[in-house]
Amino acid sequence: MHARVDSSSPPGDEPAATARDRREFLRRGVAAGGLLAAAATVRAAPAAEAADAPLAIPEWTRAPGAATGAQPYGHPSAFEKHVIRHLRPNDKQYISSSTRSPLQELDGIITPNGLFYERHHGGVPAIDPARHRLAVHGLVASPLLFTVDDLRRFPSESHIYFLECSGNPGYNVYGKTAAEANGLVSCAEWTGVPLRTVLAEAGVQPQAKWVVAEGADAAAMTRSIPLEKCLDDALLVYSQNGERLRPEQGYPLRLLLPGFEGNMSIKWLRRLHVTDAPVQSREETSKYTDPMPDGSARRFTYYMEAKSIITAPSGGQRLAHRGFHEIRGIAWSGHGKIARVEVSVDDGATWHEAELQAPVLTRAITRFRFPWQWQGQPAVIQSRAIDETGYVQPTLEALVAVRGVNGTYHNNAITPWRVAADGEVSNARIKAS
Ligand SMILES: Nc1nc2c(c(=O)[nH]1)N[C@H]1C(S)=C(S)[C@@H](COP(=O)(O)O)O[C@H]1N2
Ligand SMILES: [Mo]
């Protein structure tokens, strides 16, 4: 049984806007040595098994399976044990540390809770929700103290948003896999109460301009947030992907500031102090600032700018077959929706529009895909995101030309992957040996 995959006419409707790009793509494909000459065939069964042989009955069909309810809380298949968060092997800072989401193993736009990236400055506290409180005070008409149950009584909302650490990936651009190169980003459906609802309950005074959020962890992570953001789409979150927050993600209560650098989405939230000025916390002075070439420093760099990365094929993987391959990846922007993603398969010489997978949501991860014929030629493949503001994801060289090399945060550069003649995929920034 063969599933026919014709790379020159991908399934589904072709948006009118891409027809020109596709013609251009085909023309260049032919010009570039018949890249698309033959329609690809994806075999549904190993060629060694004759299609007319009877289907063997495997052992799992011959006897009943495990008892229903054997796992009161479900786990992935035992065959998926390699799909785990990535912890840097030399990471000795086990309290102030991070783990990366295995982007190369994931499909769709939702990161499963057990694979959501983590970044903790003082370890993961074990908080008893019955004893946890949120204080709202400062420039308000009535200071308030909430239990988690109190907050759950407010009208709730659910939204899909990405969260990304501004240190993703820093200026270590040599990550071997997609996780190592850019895995400090994840995306979930968050449920909670809009922060503006709770602030309205307390009654914000006219001179208020900032809200200082503080965590209940040993790091007492503290950040000042412009009141404008708090009254816009900021969410007090208690659930993630349908279940209560995991301890690592801020159980029982976190702040979520869509599109803003991850460190501002304070986990284990215990206090909201309404003020008229930023508090100048450690996290907005010594940390999370970027020294610029002219000696100044970028501070309060809220927005995560548009980024994308190809997750398949990506570093550490191997193309086992010549012929059709769907290039797949993810794109996101703190400024809103992804408008386009472009893919290059010739080391950046030419770019072609990828197809976006619905839904394309504001400040959420968007999937893209692009049909590719690989006939064993060495190639460098990469993607660049363009968001609804028209902003185009830069190359690393373009970013460094503006920012210099002393900053660590907000590196949203393109990640190029090298595909070798033997099908090995590696980070194109690592010199081939
Ligand atoms: N209280 C508290 N909040 C915190 C942190 C922390 O260490 N303590 N880390 C911040 C950073 S740097 C990031 S990137 C995100 C990470 O969220 P996650 O672990 O749910 O992915 O949480 C932010 N909120
Ligand atoms: Mo972060």
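On a predicted model such as this, the values are computed, not experimentally measured, just so you know. Index from 1, following the sequence. As the structure lists them, so they are numbered: ligands from 1, and atoms in each ligand from 1.
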**Complete:** With heavy atoms and a 4.0 Å threshold, my read on which part of Asp217 contacts ligand 1 is side chain
**Request:** Among all protein heavy atoms, pick out the one at the shortest distance from atom 24 (N) of ligand 1; state its residue, atom name and that distance to 0.1 Å.
**Result:** Ser265 O, 3.1 Å
**Message:** Between Arg367 and Glu355, does any NZ, NE, NH1 or NH2 come within less than 4.0 Å of an OD or OE carboxylate oxygen?
**Reply:** no
**Message:** So if I count the atoms of ligand 1 from 1 in the order they appear, which ones are less than 4.0 Å from some heavy atom of Gly215?
**Reply:** 1 (N)
**Request:** Please examine the side chains of Ser156 and Tyr238, heavy atoms only from C-beta on, and report whether any two atoms are closer than 4.5 Å.
**Result:** yes
**Message:** I want to check something: taking the side chain as every heavy atom from C-beta on, are Leu115 and Pro102 in contact at a cut-off of under 4.5 Å?
**Reply:** yes
**Message:** Give the atom numbers and elements of ligand 1 that come within less than 4.0 Å of a heavy atom of Gln249.
**Reply:** 18 (P), 19 (O), 20 (O), 21 (O)
**Asked** Looking only at protein heavy atoms, which one is nearest to atom 15 (C) of ligand 1, and how far off is it?
**Response** Gly262 O, 3.5 Å
**Request:** Measure the distance from atom 10 (C) of ligand 1 to every protein heavy atom, then report the residue, atom name and distance (to 0.1 Å) of the closest one.
**Result:** Asn263 CA, 3.6 Å
**Request:** For ligand 1, find out whether one of its N or O atoms is nearer than 3.5 Å to an N or O atom of Tyr117.
**Result:** yes
**Message:** Whether Arg100 and Glu180 form a salt bridge (side-chain N of Lys/Arg under 4.0 Å from carboxylate O of Asp/Glu) is what I want to check.
**Reply:** no
**Message:** Whether Arg363 and Asp233 form a salt bridge (side-chain N of Lys/Arg under 4.0 Å from carboxylate O of Asp/Glu) is what I want to check.
**Reply:** yes
**Request:** Among all protein heavy atoms, pick the one closest to atom 9 (N) of ligand 1 and tell me residue, atom and distance.
**Result:** Arg119 O, 3.2 Å
**Short N-O contact, Glu248 and Arg246, less than 4.0 angstrom** = no
**Request:** Could you see which bit of Leu163 sits under 4.0 Å from ligand 1, with heavy atoms only: side chain, backbone, both or neither?
**Result:** side chain
**Asked** Thinking salt bridges, do Arg340 and Glu353 make one under a 4.0 Å N-O criterion?
**Response** yes
**Request:** List every atom of ligand 1 that sits less than 4.0 Å from any heavy atom of Tyr288, numbering the atoms from 1 in the order shown and giving each element.
**Result:** 12 (S)
**Request:** Give yes if a backbone or side-chain nitrogen or oxygen of His120 is under 3.5 Å from a nitrogen or oxygen of ligand 1, and no if not.
**Result:** no
**Request:** Using a strict cut-off of 4.0 Å, indicate which atoms of ligand 1 neighbour a heavy atom of Glu118.
**Result:** 19 (O), 21 (O)
**Prompt:** Are Val341 and Ile386 side-chain neighbours, meaning at least one heavy-atom pair lies under 4.5 Å?
**Reply:** no
**Complete:** The protein heavy atom nearest to atom 19 (O) of ligand 1 is Lys267 NZ, 2.6 Å
**Message:** Check whether Phe260 forms a cation-pi arrangement with Lys229 (NZ or CZ under 6.0 Å from the six-membered ring centre, at most 45° off the ring normal).
**Reply:** yes
**Complete:** The answer for which part of Arg254 has a heavy atom under 4.0 Å from ligand 1 is side chain
**Prompt:** Just which atoms of ligand 1 are under 4.0 Å from any heavy atom in Cys165?
**Reply:** 14 (S)
**Message:** Any carboxylate oxygen within less than 4.0 angstrom of a Lys/Arg side-chain nitrogen, looking at Arg223 and Glu284?
**Reply:** yes
